[in-house]
Amino acid sequence: MRASRGSGNSRNGRNSRKRRIIDKPIEQSGKSMMALIALSLLRFMELYDIISNYQEVKNMALEGREYLEELISSVICIPDAFSIHLEDGKFIFGIASKDQRINDYYAVSAIYDSIVDLDAKIKYSFSQAVICDLPETLENYESFTKLTERELVAMYHIENMIYRVSILWDLLAQLCNVIFHTGLEVDKIYYNRYFKRFSSGSDSIEIAKEIKTYIDELDNTDMDDNPWQGNHAFLNEFRNQMTHKVTPSITSMSSFGFSLRPPAMYVLHRATEDYYKVSSFLCRLINEFIVEHKDWLPFGSSNTDGDKNE
């Protein structure tokens, strides 16, 4: 996974080579399986420019749609990057092992595949929203009028995007749980609780502190500079309103609650910046995982002759 400034080149296409899941488990010793994983990691590193220290997009002079498109194109996911390939187009679907490193690898692989899937859907939602040619200023914006057909279509895709970006935050917590061996059950991980727990105390994790600082950032509508502050707080409230109150896409005032609909472009801006931020954290973790395991067999210093004695 890569997050950097977009170059304008398309690198998101799926490999056209047909692959099928193998029908039978392959018997491999622990060291042999590690060798296959090492080969896959090497392929992964050849496909990517490993980013040790994530860099923010520098060109903040861009505005409106052009700026958001720059953020979207800066996040690059390569499908099947963790797949371990065999001959005849086959690949290993999964394996249960006593080796923690192998189990971690397949867990990260599964999470990465989910990220790739969500990323494609988020990009599709974004593309469908921007072709609606939304106004980029508040000129002629009237919150008490109904959505135009164009705005209705845009908000449909923006709301889909917001929902899937929130899933990326949950996957970020799942990824931390695997990589840092925090030992929580998969179905009991909620990203807000997770990062609150591991952002302080004796078992704190450095990246969790950064993430907690970001998600706790207060919504600040007085700043015009990109990126906007408090995007995550705004989107949390927007999503909660979608679920529990009057839809945020309409203006309403009643005993059920008060809602003043924001411009669609305003919501798209905040969703896109939040997507870019969570993708940057995911990028860092995945690349650091790859770098940390680059010395696995057959590229490490371990003697492969030891396999014969096991």
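Heavy atoms only: backbone and side chains are in, while hydrogens, waters and symmetry mates are out. Position 1 is the first residue of the sequence, and the numbers go up from there.
- Taking CE from M265 and SG from C132, the interatomic distance works out to 11.5 Å, rounded to the nearest 0.5 Å.
- Considering only heavy atoms from C-beta on, V178 stays 4.5 Å or farther from Y106 through its side chain.
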- request: Run the numbers on N160 and Y124 for side chain to side chain contact (heavy atoms under 4.5 Å, CB included), then give the verdict.
  value: CA-CA 10 Å; N160 280 343; Y124 176 78; over 6 Å; no

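- For the atom pair CG of L235 and CD of E273, the computed distance is 10.0 Å after rounding to the nearest 0.5 Å.
- S109 places no side-chain N or O within donor-acceptor distance of the main-chain N or O of Y105, the cut-off being under 3.5 Å.
- Residues Y190 and V165 do not share a hydrophobic cluster, clusters being chains of Ile/Leu/Val/Met/Phe/Trp/Tyr side chains in contact below 4.5 Å.
- No side-chain heavy atom of Q174 sits less than 4.5 Å from a side-chain heavy atom of Y194.
- How far CD1 of I111 is from CG of L171: 6.5 Å, rounded to the nearest 0.5 Å.
- Atom CD1 in I122 sits 10.0 Å away from atom OG1 in T272 (nearest 0.5 Å).
- For the pair A208 and S199, the tightest heavy-atom approach, listed with the atom from each and the gap, is O-CB, 3.8 Å.
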- request: Run the numbers on Y191 and I211 for side chain to side chain contact (heavy atoms under 4.5 Å, CB included), then give the verdict.
  value: CA-CA 10 Å; Y191 76 89; I211 295 168; over 6 Å; no

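- The two residues I162 and A271 make their nearest non-hydrogen contact at CG1-CB, 3.9 Å.
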Audit row: E159, F238, side chain to side chain contact (heavy atoms under 4.5 Å, CB included) steps and yes/no: CA-CA 9 Å; E159 289 173 0; F238 191 93; 4.1 Å; yes

message: Evaluate K196 against N192 for side chain to side chain contact (heavy atoms under 4.5 Å, CB included), listing each step before the verdict.
response: CA-CA 6 Å; K196 180 179 180 180; N192 268 307; over 6 Å; no

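- For Q100, the CD atom counts as densely surrounded, since its 6.0 Å shell holds more than 12 non-hydrogen atoms of other residues, nucleotides or ligands.
- Under the 4.5 Å side-chain criterion, counting only non-hydrogen atoms from C-beta, D170 is not in contact with I189.
- In this structure the side chain of L147 never reaches within 4.5 angstrom of the side chain of Y156, judged on heavy atoms.
- Of the possible donor and acceptor atoms, one in the side chain of N240 sits under 3.5 Å from a partner among the backbone N and O of N236.
- Looking at heavy atoms from C-beta onward, D219 lies out of side-chain contact with E237 at the 4.5 angstrom threshold.
- To the nearest 0.5 Å, the span separating OH on Y67 from CG on N226 amounts to 4.0 Å.
- A 6.0 Å sphere centred on CZ of R193 holds no more than 12 heavy atoms belonging to other residues, nucleotides or ligands.
- I179 is not listed as a side-chain neighbour of D104, based on a closest heavy-atom distance of 4.5 Å or more.
- Put simply, V153 and M242 are part of two different groups of oily side chains (I, L, V, M, F, W, Y) that touch within less than 4.5 Å, one to the next.
- Of the candidates Y163, Y214, Y275, Y214 is the only one forming a ring pair (Phe, Tyr, Trp, His ring centres under 6.0 Å) with W169.
- A donor-acceptor pair under 3.5 Å is formed between the side chain of R65 and the backbone N or O of V130.
- Ring-plane geometry between F234 and Y266 is classed as perpendicular, the angle between the planes exceeding 60 degrees on a 0 to 90 degree scale with a lower cut at 30.
- Salt bridge absent: E217 and K277 never bring a charged side-chain N and a carboxylate O closer than 4.0 Å.
- The line from CD of E151 to CD1 of I158 is 9.5 Å long, rounded to the nearest 0.5 Å.
- For the pair N220 and W228, the minimum side-chain heavy-atom distance is 4.5 Å or more.
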message: Checking R270 against D274 for the salt bridge (charged side-chain N to carboxylate O under 4.0 Å, His left out) test, could you report, in this order, the C-alpha distance in whole Å, the side-chain angles of both residues, the deciding distance, and whether it holds?
response: CA-CA 6 Å; R270 310 209 78 158; D274 195 58; over 6 Å; no

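- Between M161 and H157, the closest side-chain pair of non-hydrogen atoms is not below 4.5 Å.
- Contacts of K146 classified as side-chain contact (heavy atoms from CB on, under 4.5 Å), with partners at least two apart in sequence or in another chain: none.
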